[in-house]
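The structure under discussion appears below in the form of structure tokens.
Keep in mind that what you see is a predicted model, and the values were worked out from it rather than measured. Here is the naming used below: chain letters follow the sequence lines, and residue numbers restart at 1 for every chain. The figures here come from the full heavy-atom set of this structure, side chains too, leaving out hydrogens, waters and symmetry mates.
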Protein chains: 4
Amino acid sequence: MLDTAAEVFAEQGYNATTVRKIADHAGLLAGSLYYHFDSKESMLEEILRTFLDELWGGYDTVLAAGLGPRPTLEALVTESFREIDRHRAAVAIFQKESRHLVAQDRFEFLAASQRKFETAWLSTLERGVADGVFRTDLDVRLTYRFVRDTVWVAASWYRPGGQHSPEEIARQYLSMVLDGIAVRI
Amino acid sequence: MLDTAAEVFAEQGYNATTVRKIADHAGLLAGSLYYHFDSKESMLEEILRTFLDELWGGYDTVLAAGLGPRPTLEALVTESFREIDRHRAAVAIFQKESRHLVAQDRFEFLAASQRKFETAWLSTLERGVADGVFRTDLDVRLTYRFVRDTVWVAASWYRPGGQHSPEEIARQYLSMVLDGIAVRI
Amino acid sequence: MLDTAAEVFAEQGYNATTVRKIADHAGLLAGSLYYHFDSKESMLEEILRTFLDELWGGYDTVLAAGLGPRPTLEALVTESFREIDRHRAAVAIFQKESRHLVAQDRFEFLAASQRKFETAWLSTLERGVADGVFRTDLDVRLTYRFVRDTVWVAASWYRPGGQHSPEEIARQYLSMVLDGIAVRI
Amino acid sequence: MLDTAAEVFAEQGYNATTVRKIADHAGLLAGSLYYHFDSKESMLEEILRTFLDELWGGYDTVLAAGLGPRPTLEALVTESFREIDRHRAAVAIFQKESRHLVAQDRFEFLAASQRKFETAWLSTLERGVADGVFRTDLDVRLTYRFVRDTVWVAASWYRPGGQHSPEEIARQYLSMVLDGIAVRI
DNA sequence: AATGAATGAGGCTTCATTCAT
DNA sequence: TATGAATGAAGCCTCATTCAT
């Protein structure tokens, strides 16, 4: 049922989604949702928490592995596409709604997650620059945003069961991000 | 006043923005807005139309110039960052709301624009692949999405008057997109 | 279980009491109550009927005893405080909810009871005035309301098992009602 | 409009009163009330605050006059009946709803008022007992409750414009409370 | 041009009640 | 007897919109 709600939230936006629409999708009447959930907002919260918990499960494993910066980046990107595959709707919601949600106490965990996120990526990039595997002539914060967005926006068009597996998409994305789309001269 | 509205729409989302909030920002009462506009939706429409008209002014000029694929791509990206600079709010709205707006007749022009957009970028990329300036080992639609998203998502963090000019950001993004972030061996 | 319900009705008011609260207090789920009762309203009805039946048992005995007006009044007041002691919750509900309940057919018995009540007290007072034991300079209907309210409102603060027995409270109330709180000169 | 709301609250109870009923009485649609008030609860709050403010205006004047205990009690009772005359609905609401409202922060002022109230009456009674004008053989707290309830419950039957003026009712009530209803032997 | 007041549709939520298990 | 899940009516409130002034 959370999946149903997530799907609708992702499709129409949280605010534009009425409780009735969710109930329709779930084959219930609007009021019946409240047997299972406290509120529309609590559905949203649970969807996002579940996603972030799993995401951080994956990320933490990668970060704890003590790989070099480039393999770390590759693993993080791959893990991200796997999460998009598993939680596409949640990722799309996260992208679209985070900004105004963080203002609320209840969604403070989003801000916390974003800070942790930034730390993980930035430090990986900085290590890479220090080790000479990533370019030194780029603004590292700009690079961070480039990589971060590049990966996560994919949730807006990705459809599970499409012609590319998440791993294949990750491979191509990594190839573009790391080596560029121009032919090497 | 449209700028005011655009700012609020971008900040809080179209649905979460009440007419009263816009009026507050504009220093008048909610009802008074209706002397200037037909409806909340018509504000949204005008914001998006104005942005797209100007965007296509720039794009069409680039496309009509008959440049090679790589200079075309560079010019399109640079033009895009200039639009983000000029219409940051409109771009953010476009990103967040397009998906569910296209379903309405009134916003059919968004779908038309997206199709034109896709054609412009895809053909440029395909010309580049044919000419041997862009890599042949990449799925061209994936590349298209990669480049497109990479550019536009920047509207979500870009703040006009920041430390980088739009041209500088375009230069760095192009550098990453074309040559990658990895050091060449 | 009716006692439980009465307690909650008295505490929070009938309308503000949800069936779920009653069920919680009774240690079962809301739906399960309906095995025992037809409806929330029928609980209310049974609580009030039980109370009034017992009250009239006592009152009728007193009235049938053929006492003089002053002993009758003393006996009615004492009996009333005994009822408050036994059915505090029901009395409180009766006080708070009677007014709007009487409009419904189902609670017509409340109105009937109130009429009988009025007759009993008024005639006692009038007999007392005629016999010269109650003052003649007071509006008898005002006196009736004074005595009636004075007694029953006690249910709003009375707690069974407090420091005064119902008989002791009745004694003091009677002393105040009959002789006043001022020192006689 | 607050008067309208107060009337309906008093008649049907706060919980049983729907916003629509109030609007009907005011000749508006339910939603239109919200142009004038934040919420149903804020109407209730304003009704009660207005009443208590005025009540304490009167009480404080009496208490500051430095009268003896018996004239003080007489003045307080008379003032109370005047308030009942002016704010009958508010008084009735206060009586019926105070108990469960005090639990909410927003209605903490009710508890404060009740404490002040108790202090005023109790100290007057105690002074009277000390001065020998009120009986010494009565439990003073019981007397307090007796007098307090006796006065305020009148709001449940009082109708402004009836055959007795508030002052006349006060006079009779005081006569009963001070001298009792029994004929002096 | 702007205001103040109202409208009415629709949103979220609560709750008494039902019913298969 | 009791549960868990669902129903549907109704309640409070929000908000885009209208309109007389």
Task: Complementary nucleotide for dA16(E) - Watson-Crick or wobble, under 3.5 Å - done: dT7(F)

Task: Nearest-angstrom distance from the residue atom CZ of Phe9(D) to P of dG11(F) - done: 14 Å

Task: Nearest-Å distance for atom pair CG/P, residues Asn15(B) and dA16(F) - done: 9 Å

Open item on the list: Can you work out whether Tyr14(D) or Ala16(B) has the more 5'-proximal nearest nucleotide on DNA chain F?
Closed with: Tyr14(D)

TODO: Could you tell me whether Lys21(A) sits above the aromatic face of Phe9(A), with NZ or CZ closer than 6.0 angstrom to the six-membered ring centre and within 45 degrees of the axis?
DONE: no

Open item on the list: Measuring from the side chain of Tyr35(A) (C-beta onward, heavy atoms only), which nucleotide among dA6(F), dA16(F), dC13(F) has the closest atom?
Closed with: dA6(F)

- [ ] Check the distance between dA1(E)'s P and Phe37(B)'s CZ and give it to me in whole angstrom.
- [x] 12 Å

Open item on the list: From the set dT7(F), dA2(E), dT13(E), return the single nucleotide nearest to any side-chain atom of Val19(A).
Closed with: dT13(E)

TODO: Please determine, for the side chain of Leu28(B), which listed nucleotide (dT3(E), dT7(E), dT13(E)) has the closest atom?
DONE: dT3(E)

TODO: Measure the distance from CZ on Arg20(A) to C1' on dA9(F) and round it to the nearest whole Å.
DONE: 14 Å

Task: Identified pairing partner of dT21(E), criterion: Watson-Crick or G-U wobble below 3.5 Å - done: dA2(F)

- [ ] Report the residue (Ser39(C) or Ser39(A)) whose heavy-atom-nearest nucleotide on DNA chain E is the more 5′ of the two.
- [x] Ser39(A)

Task: d(CG, Leu33(D); P, dC13(F)) in whole Å - done: 10 Å

- [ ] Identify which nucleotide among dT13(E), dT17(F), dT18(E) has an atom closest to any side-chain atom of Ala30(B), counting heavy atoms from C-beta outward.
- [x] dT17(F)

Task: Lys/Arg-Asp/Glu bridge criterion (N-O < 4.0 Å) met for Arg86(B), Glu83(B) - done: yes

Open item on the list: Need one value for Thr18(C): base, sugar-phosphate or nothing, where a base atom within 4.0 Å counts as base even if backbone is also close, heavy atoms only.
Closed with: sugar-phosphate

Open item on the list: Side chain of Lys40(D) only, heavy atoms from C-beta on: which candidate in dC13(F), dT13(E), dG4(E) is closest?
Closed with: dC13(F)

TODO: May I ask you to say whether Arg88(B) pairs ionically with Glu7(B), meaning some side-chain N is under 4.0 Å from a carboxylate O?
DONE: yes

TODO: Quickly work out the Tyr34(A) OH to dA9(F) P distance and round it to whole Å.
DONE: 18 Å

TODO: Please work out if Thr17(A) contacts a base, only the sugar-phosphate, or nothing of the nucleic acid, heavy-atom cut-off 4.0 Å.
DONE: sugar-phosphate

Task: Residue Ser32(D), side-chain atoms from C-beta onward, closest of dT13(E), dA6(E), dA16(E) - done: dA6(E)

- [ ] Between Asp38(C) and His36(D), just flag the one whose closest nucleotide in DNA chain E comes earlier from the 5' side.
- [x] His36(D)

Open item on the list: Can you confirm whether the side chains of Glu54(B) and His87(B) place a donor and an acceptor under 3.5 Å from each other?
Closed with: yes

TODO: Send over the distance from Leu29(B) CG to dA16(F) C1', rounded to a whole Å.
DONE: 15 Å

Task: Face-on cation placement of Lys40(B) at Tyr14(B) ring, 6.0 Å and 45° thresholds - done: yes

